[in-house]
Amino acid sequence: MAKRQSDRVKTQMHYARQGLVTEEMTYVAERERVDPALVRDEVARGRLVIPANVNHTNLEPMGIGIALGCKVNANIGNSAVTSDVDGEVRKLNVALKYGADTVMDLSTGGDIDRIRGAIIGNSPVPIGTVPVYQVLTERKKVSDIREDDFIGMLEHQAVQGVDYFTIHAGVIAEHLPLVQHRITGIVSRGGSIMAQWMIEHRKQNPFYVHWDKVLEICAKYDVTISAGDGLRPGCLADASDAAQFAELKTLGELTRVAWEKQVQVMIEGPGHVPFDQIEMNVKKEMALCHEAPFYVLGPLVTDIAPGYDHITSAIGATLAGTAGAAMLCYVTPKEHLGLPGEDDVRQGLIAYKIAAHAADIARHRPGARDRDDALSRARYAFDWKEQFRLSLDPETAQAMHDETLPDEYFKSAEFCSMCGPKFCSMHINRAVQEFNKQVEEDRKLGKRTLDLFST
């Protein structure tokens with residue numbers, strides 16, 4: 001087993017292509033209950049990434065790829081309107097409590113370095129960022145951003161321990177005319193910043209032009225690239241258009257170059273897509289981006305539910321995960337409305353853990369349904385405490401049960417407040433079970449119990 005040396009960093013892809021299994025690969029394999037050789041081979045192929053910056057010293061490595069369980073990312077971070085380090089750490093802890101596999105710090109105000117340092121220092125899961133946010137925060141205006149500011153920020157954040165960067169290198173000048181007739185134009189914050197920079201400076205996207213420098217920094221610290229979908233659709237009417245797919249094709253080309261430098265890459269996917277177009281979008285990413293892991297935001301399947309977009313997007317996320325998306329970026333109830341709070345983080349994560357789990361079951365991943373079956377057995381046995389324990393959100397499950405039947409006696413009662421003691425179908429079904437047992441015993445004795453039903 002290979003151990004990476006921090007003074008001479010080699011990427012996970014480098015070791016995998018050497019036929020070696022790193023400690024990180026072994027850890028991922030144990031978590032996923034798969035063969036370490038499978039993890040190694042998928043990393044070498046580019047279908048699996050292990051975001052693991054060597055400077056993130058308290059990291060518990062995890063893998064993102066179609067060969068593993070579907071993952072969920074939670075976005076946190078402040079805005080220029082609200083800035084509270086302790087608040088972001090609390091959001092992180094909520095995200096960890098409810099099962100986030102990765103967390104992105106999207107802070108755009110206040111002391112971003114301090115906020116990010118606190119998040120990384122308290123996070124055992126990989127942390128992602130959109131470095132261009134900090135560039136604009138520090139420079140104040142897009143017109144004041146220098147070309148080398150973009151590249152310099154990558155190294156600045158890599159030194160701090162960021163495990164993956166969203167980089168909008170696929171938003172190039174040639175694609176800008178393609179968004180002219182959209183309803184919502186460019187909805188990606190990072191994508192819009194890059195577009196404005198190109199227009200004001202009359203230059204090509206510096207991430208695209210200096211992709212070699214980007215890769216040099218990512219290889220130096222083993223930072224995974226999350227190739228940003230800066231031209232993603234922001235409403236159903238704009239989905240699957242020429243701009244979106246032109247960028248995706250460019251990201252596929254950049255992925256090939258990154259792999260040549262042994263840098264890990266995943267591809268970010270669309271945000272608003274009609275339900276019937278989701279599977280096609282996943283398949284198109286696999287074709288254009290050579291099966292690099294697909295990381296989708298939602299997608300939201302309707303535009304009419306502000307306040308409930310954790311639901312509209314979880315519907316789309318379930319289908320995306322079933323079709324082959326490797327990671328789902330959660331959407332909270334506050335999407336389109338405001339900065340999420342702690343309870344919004346909880347609701348978004350629960351919705352997406354359901355979506356990812358449903359996708360794992362649909363893809364027949366080994367062991368995916370074990371917890372469901374265990375909970376079903378506990379439900380039939382009226383083992384309420386075990387039901388609560390196996391729930392995605394045990395506290396909410398128990399609180400809802402106890403709202404009407406709070407006494408300890410009702411934790412073993414063979415009914416709940418919906419059916420009461422006389423109308424519980426599973427309790428009544430005991431008679432069917434007893435009858436079936438009698439039929440089986442009579443069959444062994446040569447009797448025909450079922451004749452009782454003959455007319």
Side-chain angles (χ1 to χ4, degrees), residues 1-6 9-73 99-103 123-128 162-165 218-219 221-227 255-256 258-268 282 285-286 289-296 321-328 356-357 359-368 370:
M1 181 170 62
K3 181 177 177 60
R4 297 193 303 167
Q5 300 297 321
S6 58
V9 177
K10 299 293 186 183
T11 68
Q12 296 292 329
M13 180 172 275
H14 165 82
Y15 282 113
R17 289 183 172 179
Q18 297 295 313
L20 301 173
V21 175
T22 64
E23 289 182 338
E24 291 82 359
M25 294 176 204
T26 300
Y27 193 94
V28 168
E30 290 174 351
R31 290 181 66 166
E32 302 276 344
R33 293 184 290 179
V34 298
D35 189 337
L38 171 67
V39 175
R40 177 200 62 203
D41 293 347
E42 289 292 292
V43 171
R45 170 65 177 77
R47 273 194 298 246
L48 193 160
V49 299
I50 302 176
N53 186 322
V54 292
N55 289 335
H56 190 172
T57 55
N58 59 326
L59 180 70
E60 297 174 5
M62 52 79 61
I64 303 167
I66 195 170
L68 307 180
C70 189
K71 302 303 187 296
V72 176
N73 170 70
D101 297 293
T102 77
V103 171
S123 177
V125 304
I127 298 297
V162 173
D163 300 291
Y164 65 95
F165 293 143
C218 290
Y221 302 92
D222 197 4
V223 176
T224 297
I225 291 173
S226 187
T255 296
R256 283 285 196 197
W259 285 349
E260 290 173 5
K261 301 295 184 181
Q262 302 180 105
V263 171
Q264 301 182 95
V265 180
M266 56 184 170
I267 309 295
E268 296 187 9
V282 176
E285 184 274 344
M286 290 180 176
C289 297
H290 326 294
E291 300 183 279
F294 203 21
Y295 164 32
V296 296
T322 302
M327 185 159 75
L328 313 172
H357 185 67
D360 285 341
I361 292 171
R363 290 189 67 85
H364 301 282
R365 290 191 165 109
D370 290 354

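The residues of the chain are indexed from 1 along the displayed sequence.
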Legend entry - Exam field: side chain Arg31 to backbone Pro61, donor-acceptor pair closer than 3.5 Å: yes
Inset, instruction - Verify whether one side chain among Gln12 and Thr22 offers a donor that lies under 3.5 Å from an acceptor in the other. - result: yes
Legend entry - Short side-chain to backbone donor-acceptor contact, Glu291 and Gly46, under 3.5 Å: no
Legend entry - Any donor-acceptor pair under 3.5 Å from Asn58 side chain to Ser123 backbone: yes
Inset, instruction - Would you mind reporting whether Glu268 and Ser226 have side-chain heavy atoms less than 4.5 Å apart? - result: yes
Inset, instruction - Please name the pair of heavy atoms, one in Val72 and one in Met327, separated by the smallest distance, quoted to 0.1 Å. - result: N-CG, 4.1 Å
Legend entry - Partners meeting side chain to side chain donor-acceptor pair (under 3.5 Å) with Glu42 (sequence neighbours left out): Arg47
Legend entry - Ile66 and Met286, any side-chain heavy atoms less than 4.5 Å apart: yes
Inset, instruction - Could you tell me which non-hydrogen atom of Met266 sits nearest to which non-hydrogen atom of Val49, and how far apart they are? - result: SD-CG2, 4.2 Å
Inset, instruction - List the atom of Ala325, the atom of Val296, and the distance in Å for their closest heavy-atom pair. - result: CB-CG2, 4.1 Å
Legend entry - Nearest heavy atoms of Cys70 and Asp360, plus distance in Å: N-OD1, 2.9 Å
Inset, instruction - Look only at the side chain of Asp163 and the backbone of Asn53, and say whether a donor-acceptor pair between them is shorter than 3.5 Å. - result: yes
Inset, instruction - Would you check if the side chain of Arg40 reaches a backbone N or O of Ala16 as a donor-acceptor pair within less than 3.5 Å? - result: no
Legend entry - pair Lys10-Gln18: side-chain heavy atoms closer than 4.5 Å: no
Legend entry - For the student: nearest non-hydrogen atoms of Arg17 and Trp259, plus distance: NH1-O, 2.8 Å
Legend entry - Any side-chain heavy-atom pair of Ile64 and Leu48 under 4.5 Å: no
Inset, instruction - Could you verify whether a donor N or O on one side chain and an acceptor N or O on the other, from Tyr15 and Asp222, lie under 3.5 Å apart? - result: no
Inset, instruction - May I ask you to decide if Ala219's main-chain N or O and His14's side chain share a donor-acceptor pair within less than 3.5 Å? - result: no
Inset, instruction - Indicate the atoms forming the closest heavy-atom contact of Val125 with Asp101, along with that distance. - result: CB-O, 3.4 Å
Inset, instruction - Please answer whether the main-chain N or O of Leu68 pairs with a side-chain N or O of Arg365 as donor and acceptor at a distance below 3.5 Å. - result: yes
Inset, instruction - Evaluate the side-chain proximity of Tyr295 to Asn73: yes if any heavy-atom separation is below 4.5 Å, no if none is. - result: yes
Legend entry - Side-chain heavy atoms of Ile50 within contact of Tyr27, under 4.5 Å: no
